[in-house]
**Q** 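Just passing along the structure, written as structure tokens.
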Amino acid sequence: MIVQKPKKLRFHLRLVIALSTGLLFSACSAESANEIGQYSTKSVHKNEGKDFKSVYATANQGDPQAQFQLGMMYENGEGVSQDKIKAAKWYRKSAEQGLVDGQNALAKLYYFNMELEPIFNESIAWFEKAAAQGQPEAQFYFGIFYEDGYDRLVDKKNALQWYKKSAENGFATAQLQLGIIYFEGEWVEQDYKEAYKWTRKAAEQNDMEAQYNLGVMYANGLGVKQHDALAAKWYYKSAEQGYAAAQNNLAALYYIGDGVEQSYDQAFKWYSKSAAQGDLEAQTNLGGLYHFGHGVKKDLDKALELYRDAAAKGHQRAKDIIQVLIQEGIINH
């Protein structure tokens with residue numbers, strides 16, 4: 001069974017740029033690229049410089065940390081062929097000795113890897129042991145279990161408590177999630193200042209979705225004083241990591257010169273990066289640059305290609321632009 005992804009923040013940036021024909025540029029894309037439902041091993045323990053044979057020998061002597069490291073090596077194929085079954089074996093040895101990272105790793109391995117037979121109840125039990133010892137990632141997953149009711153009754157109050165435990169222990173994804181929860185206010189009292197607090201903590205840990213969300217908060221003055229330059233700063237940090245929505249919004253700031261020096265070239269660069277990732281808002285905006293020759297040689301055919309593709313994929317603003325072009329006689333049906 002796969003843990004459902006946490007709800008993604010639906011911030012909408014109200015930056016609208018009126019162009020000469022009455023068409024609009026808008027930066028309001030908010031699709032997430034920060035997937036936590038996709039399992040990957042994340043640990044403060046690194047195996048760089050660790051020889052497989054030496055780790056194996058130490059693990060065989062019963063050292064729980066070495067057993068955990070050996071599990072990571074087998075899981076990720078570091079210095080040895082990848083083998084999830086052997087990874088589980090060594091994680092279990094570590095977990096049974098009480099090593100909290102081993103408990104959390106074993107729980108995740110059983111929960112997320114379809115190569116292994118899912119052992120749901122046992123997975124939950126190991127998450128519980130790790131969470132009780134203060135392992136922040138396990139605490140975060142316990143919050144998800146209570147929020148969505150996988151193995152228990154839905155209990156939003158308990159979910160919030162576990163998210164807070166995890167966030168207070170420095171887990172960036174939990175901090176991001178708390179920011180989303182307080183921003184949306186669906187099952188807690190909406191509190192933009194609290195949303196800003198937790199979003200900022202996650203952003204400072206280089207979480208690209210949190211950086212994007214923080215940029216939106218600065219752009220719109222939500223929980224913090226409105227500040228275009230700081231919005232641009234956080235969009236840039238997120239965009240540099242490849243977050244498509246941030247690339248789109250950063251491009252919009254460059255297009256109009258809010259918080260950054262106005263530059264059609266930079267707008268073209270960032271819209272192109274975002275559109276290449278399938279962001280339809282950015283693709284429509286990129287079409288506008290080709291349409292008007294801003295940052296690129298004017299090319300109506302290319303603009304129409306981008307508009308039509310985005311429209312065919314369901315993007316409403318691209319559809320609206322095409323209708324305007326038809327009404328103005330610029331293109332035929």
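Side-chain atoms are counted along with the backbone in the values below, which use heavy atoms only and exclude waters and symmetry mates.
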**Q** Quick check: does any side chain N or O of Q177 sit under 3.5 Å from a backbone N or O of G143, one acting as donor and the other as acceptor?
**A**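 Checking the backbone N and O of G143 against the side chain of Q177, no donor-acceptor pair under 3.5 Å is found.
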**Q** Is a side-chain donor-acceptor pair under 3.5 Å present for Q205 with Q175?
**A**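 Checked: Q175/Q205 side chains pair up, N/O donor to acceptor below 3.5 Å.
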**Q** Do Q277 and Q247 have side-chain atoms, one donor and one acceptor, less than 3.5 Å apart?
**A**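 Note: Q277 and Q247 side chains meet the donor-acceptor criterion.
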**Q** Pairing donors with acceptors under 3.5 angstrom, does anything connect the side chains of Q211 and Q241?
**A**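 Yes, Q241 and Q211 have a side-chain donor paired with an acceptor closer than 3.5 Å.
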**Q** With a 4.5 Å heavy-atom cut-off, do K84 and Y74 have their side chains touching?
**A**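 Side chain of K84 against side chain of Y74, heavy atoms only: no contact under 4.5 Å found.
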**Q** Evaluate the side-chain proximity of L300 to I330: yes if any heavy-atom separation is below 4.5 Å, no if none is.
**A**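 Sidechains of L300 and I330: in contact.
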**Q** For ring-ring contact (aromatic ring centres under 6.0 Å, His included), just list the numbers for H294 and F268, CA-CA rounded to whole Å, side-chain angles, deciding distance to a tenth of an Å, and then say yes or no.
**A** CA-CA 8 Å; H294 293 161; F268 179 81; over 10 Å; no
**Q** With a 4.5 Å heavy-atom cut-off, do L109 and W126 have their side chains touching?
**A**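 The answer is no; the side chains never approach within 4.5 Å.
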**Q** Please confirm whether the ring centroid of F142 lies under 6.0 Å from the ring centroid of F127.
**A**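 No, ring centres 6.0 Å or more apart.
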**Q** Is there side-chain contact between Y163 and E147, with at least one heavy-atom pair below 4.5 Å?
**A**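 Yes, close enough: below the 4.5 Å cut-off.
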**Q** Using a distance-only test with no angle check, is there a side-chain donor-acceptor pair under 3.5 angstrom linking R317 and N285?
**A**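 On atom types as modelled, these side chains qualify, holding a pair under 3.5 Å.
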**Q** If you measure only the distance, is there a donor-acceptor pair under 3.5 Å linking the side chains of E137 and N104?
**A**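 The criterion, which ignores hydrogens and geometry beyond distance, is satisfied for N104 and E137.
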